[in-house]
Amino acid sequence: MRIDIISVVPELMHSPFAGSIMKRAQQAALVEIHFHNLRDYTSNAYKQVDDYPYGGGAGMVLMVEPIDKCISALKAARDYDAVIYMTPDGDVLNQQAANKLSLLNNVIVLCGHYKGVDQRVRDLFVTHEISIGDYVLSGGELAAAVLCDSIIRLIPGVLGNETSALTDSFQDGLLAPPVYTRPAAYKGHKVPEILTSGNTPKVDAWREEQALKSTQEKRPDLLE
Ligand code: ADE
């Protein structure tokens with residue numbers, strides 16, 4: 001998979017991609033991440049990427065021209081399956097959406113900033129609009145990093161244990177059951193006996209039951 005991320009502050013995203021799973025996925029050539037600074041696609045001397053909104057009002061709006069130039073340059077080099085715009089008024093990201101997006105080959109992720117992008121960008125280029133939740137961030141960069149993490153970990157071969165993404169919370173519509181590791185007793189608090197019994201079918205049944213219980217308690221909406 002190749003992901004091209006367009007932003008006015010790409011440096012905001014460097015560290016999330018420079019460690020852990022997202023770093024390993026790149027090192028294993030399972031994903032390529034390319035950052036593009038929108039200012040490199042301006043035609044004015046000031047490298048201006050934003051302007052005042054028509055009709056007045058607070059905040060600046062990212063202009064259509066540099067975004068068009070950047071997306072067009074990328075599309076001239078290869079075909080893209082999706083052009084995703086990160087925005088608080090987009091479809092809220094969930095596990096199902098991440099699963100679907102992880103099957104794509106080439107993806108552009110556009111990060112908004114200030115008051116967002118000129119509506120014509122959305123009308124002309126964007127195929128998916130994604131929000132990471134009902135709150136407003138200063139820009140789409142951190143949201144893009146969250147989106148990419150949720151996708152990249154699902155690419156086959158990225159996680160050491162192939163099954164571990166499948167046992168994540170939400171994959172079967174339930175939250176994940178509790179997990180424990182050594183020691184078996186800590187300050188008098190013991191690990192549930194079933195987990196040290198070596199009886200795999202019983203352990204599996206316990207985990208299913210706990211997942212259901214946890215979902216009922218914390219997220220009953222998932223069961224509706
Ligand atoms: N940009 C600003 N806020 C955002 C959010 N909640 N999700 C995605 N992009 C955003």
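Ligands are counted one by one from 1 in listed order, and the atoms in each one are counted from 1 as well.
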*Under the salt bridge (charged side-chain N to carboxylate O under 4.0 Å, His left out) criterion, do E65 and K69 qualify, and how do the steps go?*
CA-CA 6 Å; E65 191 193 13; K69 279 191 175 162; 3.6 Å; yes
_Worked check of side chain to side chain donor-acceptor pair (under 3.5 Å) between T42 and N44_ = CA-CA 6 Å; T42 50; N44 55 75; 4.8 Å; no
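Looking from atom 6 (N) of ligand 1 to the surrounding protein, the closest heavy atom is Y135 O, 2.8 Å. Closest to atom 9 (N) of ligand 1, if we only count protein heavy atoms, is T87 N, 3.2 Å. Among all non-hydrogen protein atoms, the one lying nearest atom 7 (N) of ligand 1 is I132 N, 3.0 Å. Residue, atom and distance of the protein heavy atom nearest to atom 3 (N) of ligand 1 are L137 N, 3.0 Å.
Nearest heavy atom pair, residue G112 against residue V117, reads CA-CG1, 4.5 Å.
Tracing side-chain contacts under 4.5 Å through hydrophobic residues (I, L, V, M, F, W, Y), one reaches I155 starting from I5; they form part of the same cluster. Under the 4.5 Å side-chain heavy-atom criterion for grouping Ile, Leu, Val, Met, Phe, Trp and Tyr, M63 is not connected to L38 through any hydrophobic cluster.
At a 4.0 Å cut-off, at least one heavy atom of G139 sits close enough to ligand 1 to count as contact. Residue-ligand proximity: I130 is placed with a non-hydrogen atom under 4.0 Å from ligand 1. By the 4.0 Å heavy-atom criterion, G112 is excluded from the residues contacting ligand 1.
Those atoms of ligand 1 with a heavy atom of G133 less than 4.0 angstrom away are 6 (N).
Here A143 has side-chain heavy atoms under 4.0 Å from ligand 1, and that is the only part of it that gets that close. Counting heavy atoms under 4.0 Å from ligand 1, residue D134 does not touch it at all.
Within a 6.0 Å radius of OH in Y135, more than 12 heavy atoms belonging to other residues, nucleotides or ligands are found. Counting non-hydrogen atoms of neighbouring residues, nucleotides and ligands closer than 6.0 angstrom, the CD atom of Q48 exceeds 12 such neighbours.
Of the N or O atoms in V136, none lie within a sub-3.5 Å distance of an N or O in ligand 1.
Checked against V49 for a side-chain contact (heavy atoms from CB on, under 4.5 Å), the options D40, L62, V61 give a single hit: L62.
Of all the listed residues (S138, A144, P88), P88 holds the heavy atom that lies closest to atom 10 (C) of ligand 1.
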